[in-house]
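Here the structure is laid out as structure tokens; the discussion comes afterwards.
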Amino acid sequence: MSDFFDLSEPETVSEKPQDFPFMRDLNPEQRQAVTTTEGPVLVLSGAGTGKTRVLTTRIAYLLATGQASPWQILAVTFTNKASREMKDRLEQMIGLSARSVNLGTFHAFGVRVLSRYAAEAGLKPDFIVLNTDDQERLLKKIMQENGIDIKQYSPAALLSIIERWKDRGLSPTAITKAEDSPFCDGRAKGFYQLYQDRLRTLNAVDFGDLLLLPLELFRTHPNVLSAYQNKFRYILVDEYQDTNVAQYLLLRLLAHKSQNICCVGDDDQSIYSWRGAEVENILKFQEVYPAATIIRLERNYRSTDHILGAASGLISNNAGRLGKTLKVADTRDGFGDRVHIEGYWNGSEEAKGVIEKVLREQRQGHTLSQMAILVRTSAQTRPFEEQLIKEGIPYKIIGGFKFYKREEIRDAVAYLRLVLNTGDDLAFLRIVNKPRRGIGDGAISALEQAAKEHHLSLFDAIPWAELRPSVRKTLDTFTGLITMMRDKTNTLDPEPLARQLLEDSGYLNMWRTDKSVEAEGRLENIKELYNVLGEFETINAFIEYAALVTDADEKTDGDQLVVMTLHASKGLEFDCVFLAGWEEGLFPHQKTLDESGSQGLEEERRLAYVGLTRAKEKAFISYATNRKIYGQWENALSSRFIDELPDEHVQNDTQINLGGSPFWNKNTFSRYDKSDWVTQESKPFYQPAYTAPKSKRIGKRVYHESFGYGTVIKETPNGLEVHFDDLGLKKVQSRFLAEV
DNA sequence: GGGTTGCCCGTTTTT
DNA sequence: CGGGCAACCC
């Protein structure tokens, strides 16, 4: 593709970096960030200042100048999406050799290290990665075995304590008194140890282990560390403000020899402290790497003057920033709309109003995929989804109900996991009695006993266990099927294998005969899973993927409007952004304020900043004074963040009297002292008449891949009821239908 | 061992 | 309000 790889003499190019073809479009600061290849570099990169471009160009530059071969470069990101994007962009620039660059998420890197040095890390190479569900289940069991009342102390709480320890690179033995937690009368540390022991017995790791175990491996095996130090001559880190202590330590070890580490980040976009991220990492970079070059990228290429002004004004309310001033690259002063603000009576009015605006923008030429609705909590997506269904607008909810967290998907994955590895006790327990095979607690404890005695997994312990003849018989059939499928893994592709496995095990029939409303949707989801499986060559590859994907990684297809959380929106950009639910208590979220006080407030404010800076042309902020929470009407004041936006960059579009003074530029009646709040009766003081817009879908002809042609009869929040020509009435999710 | 009932709690954000 | 789950019954 490009010929600069063929240059065998590095110095021919490195002497004249300006000639490097991708450098032309960069501004001087970006150029400096690309060409300062030696020594530690911190790039403070504000929103929309082209950091991905800098990272990819820097990699291309390192390769083009012959300073490194692709495999000598390590580039880490936080999300699969970010790494995919970087990989794509890099491939566009330099062609296929992009694939040899070690580019991926921190966690994927951890998986690779642990697979390569499994024995040294105390694992077998086919270890499994646990999901949150498995983790909580394990902890619950440990707690109950130790006589803890899990109503009093929740496994989820213990899990988060353990995760925070792991985030800080602490193994159970490393926890000092100062680090200890009072949870469960101080027994948390002991449970952590038990939990780790269980994981090792199961040959399993959790997310935290993917960082913690490599860290320990590097510390205890200097030869391994040194191999990696020699291998990775250049390290690049995206979203450095989101790194936790474990990641910081890993990077420090890896970069120790070469010192060629380039971290890109923005302290104003640090929104993951609750997950263990330490903004400190970015703040103390220079302390840790005294030779560091610090480069600031402040020219924003994304947003209009008004949007940037509003965002900058907002974030200036935070103390302790590294202080960047974003400047618009587009110097047309005052170009574009001010940030729009509109208040509504309640959540569904808000959804209706926002979607009206979406449609207006669409008529003015913006495609749905160039717009996004951003919310603070995933529960807020509901009213929007209902409205979108009513209006017949194609949409995609990211982070709503999570595909890989659904029961049927987890079951199907557990079946595959067991076929792949009969030692996977968690998978075994999940599906051994699904569908019902008459395997109950009695049989399970017999298996557990035999497993303990013979040091086998539950599955492999079946022949040794004392079982009733009927149970023995069903289990023999079950093991027969799993073993047979295992033998087929080499000859059969994942998709047909899964089809046969789920069919022959009776799993599909379980849902087919289930008469609940969701059953059909579940079967649809399994079909969707087949589609995903079709893209993998081995089950192993799929399982690894399924363990590490998140909903933020989901792709949209076609022209869809996305609805997602503010957290999930980081790194993305849209022409028009709709920021909903800007109310005290919801945003900033009360829980954050209660738990983390002013620190928490600042993080919420950064989240607002992230949201605003996603917008290229227009931003619409909205709030609802009444909202139904847990089936109860609650009222709220507009968010203090609205007040913090500079007057000259906002415009209030509120059309109704929300009970404050009728004339207000912003929300002049908002108050923050909770003691001041007027407690109202738990219902809205005004509820507008409900007028459903006539659906655009009813009566439409549609096509479904398996059911054929049909006509839409009815719409429900869960999907559509369609009368199929051949099969009659069925409930299906709209995403499986095509309009004809 | 399987099914039903009734209670409790949740909604912060995710690799 | 609704899902998950423990306790209770067949």
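Just so it is clear: chains get the letters A, B, ... in the order the sequence lines come, proteins before strands, and each one is counted from 1.
Only one option out of A/Asp268, A/Asp238, A/Asp242 pairs with A/Lys570 in a salt bridge (charged side-chain N to carboxylate O under 4.0 Å, His left out); it is A/Asp242.
Stacking annotation: A/Trp274 is stacked on the base of B/dT13 (ring centroids less than 5.5 angstrom apart, interplanar angle below 30 degrees).
The shortest distance between the side-chain N/O atoms of A/Arg627 and the OP1/OP2 oxygens of B/dT11 is not below 4.0 Å. In this model, the phosphate group of B/dT12 is approached by a side-chain N or O of A/His589 to a distance below 4.0 Å at OP1 or OP2. Distances shown here put a side-chain N or O of A/Ser378 below 4.0 Å from the OP1 or OP2 atom of B/dT13.
Looking at A/Arg168 and A/Glu278, no side-chain N of the basic residue comes within less than 4.0 Å of a carboxylate O on the acidic one, giving no salt bridge.
Nucleotides B/dT11 and C/dA6 place their C1' atoms 23 Å apart, quoted to the nearest Å. Comparing C/dC5 with B/dT12, their C1' atoms are spaced 23 Å from each other, to the whole Å. For the C1' atoms, the distance linking C/dG4 with B/dT13 amounts to 22 Å, nearest Å.
Checked against a 6.0 Å centroid threshold, the rings of A/Trp582 and A/Phe587 count as neighbours. Checked against a 6.0 Å centroid threshold, the rings of A/Phe218 and A/Tyr228 count as neighbours.
Atom CZ in A/Arg164 sits roughly 13 Å away from atom P in B/dT14 (whole-Å rounding). In this structure, CD of A/Glu163 is placed 14 Å from P of B/dT13, rounded to the nearest angstrom. Between the P atom of B/dT14 and the CE atom of A/Met564 lies a distance of 11 Å, rounded to the nearest Å. Remark: C1' of B/dT12 and CD1 of A/Ile271 are 12 Å apart, rounded to the nearest angstrom. Atom C1' of nucleotide B/dT14 and atom CG of A/Asp167 are separated by 11 Å, given to the nearest angstrom. Following rounding to the nearest Å, A/Leu130 (CG) and B/dT14 (P) show an atom-to-atom distance of 20 Å. The nearest whole Å value for the distance from the CD atom in A/Glu584 to the C1' atom in B/dT12 is 15 Å. Computed from coordinates, the A/Leu607 CG to B/dT14 P distance equals 10 Å when rounded to whole Å.
Which of B/dT13, B/dG3, B/dT14 sits closest to the side chain of A/Arg436 comes down to B/dG3. Closest to the side chain of A/Lys591, from the set B/dT11, B/dT13, B/dT14, is B/dT11.
Annotation: of the two residues near DNA chain B, A/His107 and A/Arg376, the 5′-most nearest-nucleotide partner is A/Arg376. Closest-nucleotide positions on DNA chain B for A/Phe207 and A/Gly442 were compared, and the one nearer the 5' end corresponds to A/Gly442.
One side chain, A/Asn525 or A/Glu408, offers a donor N or O that lies under 3.5 Å from an acceptor on the other. Side-chain contact check for A/Glu583 and A/Ser639: no donor-acceptor pair (N or O, by modelled atom type) lies under 3.5 Å. Between the side chains of A/Lys166 and A/Gln196, a donor-acceptor pair is found at a separation under 3.5 Å.
A/Gly208 comes within 4.0 angstrom of nothing in the nucleic acid, heavy atoms only. Among the atoms of the strands shown, none is found under 4.0 Å from any heavy atom of A/Asp242.
Ring-plane geometry between A/Tyr507 and A/Trp511 is classed as perpendicular, the angle between the planes exceeding 60 degrees on a 0 to 90 degree scale with a lower cut at 30.
Residues from residues 592-599 of chain A lying near DNA chain B, meaning a heavy-atom separation below 4.0 Å, are A/Thr592, A/Glu595 in numerical order.
Side-chain atoms of A/Glu603 come within 3.5 Å of backbone atoms of A/Ser273 as a donor-acceptor pair (strictly under, hydrogens ignored).
Separation of atoms CG (A/Leu254) and CD (A/Gln247) is listed at 12.0 Å; rounding is to 0.5 Å. Rounding to the nearest 0.5 Å places NZ of A/Lys390 at 7.5 Å from OG of A/Ser348.
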Quick one: which protein N/O atoms are closer than 3.5 Å to N/O atoms of nucleotides 1-6 of chain C? Pair and distance per line, please.
residue	atom	partner	partner atom	Å
C/dA6	OP1	A/Lys140	NZ	3.4

